[in-house]
Engineer: 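Please see the structure below; I have some questions.
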Amino acid sequence: MKFFHTADWHLGKLVQGVYMTEGQRFVLDQFIEAIKEEKPDVVVIAGDLYDRAVPPTEAVVLLDEVLAEIVMELKTPIIAVGGNHDSPARLHFGSGLMRENGYHIVGQMTKQIDPVILTDDFGEVHFHLVPFADPSVVKYLQEDEEISNHNDAMKKVIDGIYENLKQDARHVFVGHAFVTKHGESEENTSESERPLAIGGAEYVSAHLFEPFHYTALGHLHQAHFVLNETIRYAGSPMKYSISEEHHNKGFLIVDMDGEGQVTVEKRELTPRYDMRTVEGTIEDISQHSISEDYVFVKLLDETPVLFPMEKVRAVYPNAMHVERKMIQPSLGVGRKRQVGQGKQDDLTLFKSFYEAMKGDVADVETEALFAEVLHEVMHKEGEGV
């Protein structure tokens, strides 16, 4: 069986005040052309179809057009799950009706997860659709007070799937989570992706997915495998922050044989406009060829520049950000280095703010209370409240 693995479309994404909708349409047109060329048996979308719980109208229209062309015109089934940016209820609405036409979408977590079963010349392939598994939701559905983090929640879900796993079938897990080799902490591959939880509670061990022949993941925006080559992130189809500047965006073509062995090919997508960093003095930049790329400009001028954005946009009309690269002399003559503060997570920022305001460090109870409130706010945002 051949299937396309894609994820993190984030339709309706807004970057530095600019909607990415036309750029998303541009790469999704290429994706549809690849479907016509490769004729996959199914397309898998591993979450974050939208960028927010209540997406703009243009994003809804784009998703409707893309799904209709793939499912109705090209007769290619789609299997999809909701991600942490999606509204579970909004994605799940009408799923029963759409299933009859070949669009299998699971937006909301349920206590029992029944597979979508497709067949090829070798027999059945079971696709297990697991939307973003919020620990509080899984704890409630499974009536298990021991669930305290994302790894616990995913283990509970997979244990339930494993109990009913058909041994003579091939199995594909489709999910949306932050998976690392052993559930250890790792840096996110993009600054555009918000955290799933506070501290180390968001990470899921890749060892949990060993019962499956292939695991199609979404959430991290850079394509890569975890632990072994059958547990993979497809990455996002285009760049959504300057932290993704060096990512090669695209999707995965997965071929599964009768024994469940897979071969994976990365197919890249060409953006309408690239997203990249430009460095130089304002005089140097003014000599560049005109480009419509989304650029983040770092000016190297040692003196202030008047109206820098206006001057930059004369060459880069889609410039998104201009900053002066802060430099100071080092011990070596003529050497310079950048001075800056690394991006801090929400808990670190809260602790710094608390100490500045109260003149004392936050205790464990205060930190736990902040984490609980922040988690509740993030959960409500995901529901569109």
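Along the sequence shown, residues carry numbers from 1. Atoms considered below: every heavy atom in the structure, side chains included; atoms not considered: hydrogens, waters and symmetry mates.
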Engineer: What heavy-atom pair brings A206 and V226 nearest, and what distance separates the two atoms?
Structural biologist: CB-CG1, 3.8 Å
Engineer: Which atoms form the tightest heavy-atom contact between P77 and D41, and what is the distance?
Structural biologist: CD-O, 3.2 Å
Engineer: Only pairs under 3.5 Å count here: list side-chain donor-acceptor contacts from residues 114-123, not counting sequence neighbours, and write none if there are none.
Structural biologist:
unit_1 : atom_1 : unit_2 : atom_2 : d
D114   : OD1    : Q112   : NE2    : 2.8
D120   : OD1    : F122   : N      : 2.9
D120   : OD1    : G123   : N      : 3.2
D120   : OD1    : R170   : NH2    : 2.6
D120   : OD2    : M1     : N      : 3.1
D120   : OD2    : R170   : NH1    : 3.0
D120   : OD2    : R170   : NH2    : 3.3

Engineer: Among residues at least two apart in sequence or on other chains, which ones pass salt bridge (Lys or Arg N to Asp or Glu O under 4.0 Å) with R276?
Structural biologist: D293
Engineer: Holding to salt bridge (Lys or Arg N to Asp or Glu O under 4.0 Å), I want the full list of residues that pass it with E33, two or more places apart in sequence or in another chain.
Structural biologist: K36
Engineer: Between the side chain of E184 and the main-chain N/O of H182, is any donor-acceptor distance below 3.5 Å?
Structural biologist: yes
Engineer: Would you say the side chains of D48 and H219 form a donor-acceptor pair under 3.5 Å?
Structural biologist: no
Engineer: Could you walk me through whether V312 and I282 pass the side chain to side chain contact (heavy atoms under 4.5 Å, CB included) test, one step at a time?
Structural biologist: CA-CA 7 Å; V312 166; I282 195 66; 3.9 Å; yes
Engineer: Quick check: are there more than 12 heavy atoms from other residues, nucleotides or ligands sitting under 6.0 Å from NZ of K266?
Structural biologist: yes
Engineer: Is there any salt bridge (Lys or Arg N to Asp or Glu O under 4.0 Å) pair reaching into residues 303-315, and which pairs are they, with sequence neighbours excluded?
Structural biologist: none
Engineer: How does the hydrophobic cluster around F225 look, that is, which other residues are in it when side-chain heavy atoms under 4.5 Å mark a link?
Structural biologist: none
Engineer: Measuring centre to centre across the rings, with the benzene-like ring taken for any Trp, is H150 within less than 6.0 Å of F178?
Structural biologist: no
Engineer: For the pair E292 and R272, find out whether any cationic side-chain nitrogen is under 4.0 Å from an anionic carboxylate oxygen.
Structural biologist: no
Engineer: Output every pair passing side chain to side chain donor-acceptor pair (under 3.5 Å) with a member in residues 159-168, not counting sequence neighbours, ordered by first then second residue.
Structural biologist: E124-K166, K155-D159
Engineer: Give me the ring orientation class for F132 and H176: parallel if the planes are under 30° apart, tilted from 30 to 60°, perpendicular past 60°.
Structural biologist: perpendicular
Engineer: Going by the angle between their ring planes, with limits at 30° and 60°, are Y233 and H224 parallel, tilted or perpendicular?
Structural biologist: parallel
Engineer: State whether the side chain of K239 and the backbone N or O of E245 hold a donor-acceptor pair below 3.5 Å, judged by distance alone.
Structural biologist: yes
Engineer: What class does the angle between the rings of F4 and F251 fall in, given that below 30° is parallel, 30 to 60° is tilted and above 60° is perpendicular?
Structural biologist: tilted
Engineer: Do Y273 side-chain atoms and G23 backbone N/O form a donor-acceptor pair below 3.5 Å?
Structural biologist: no
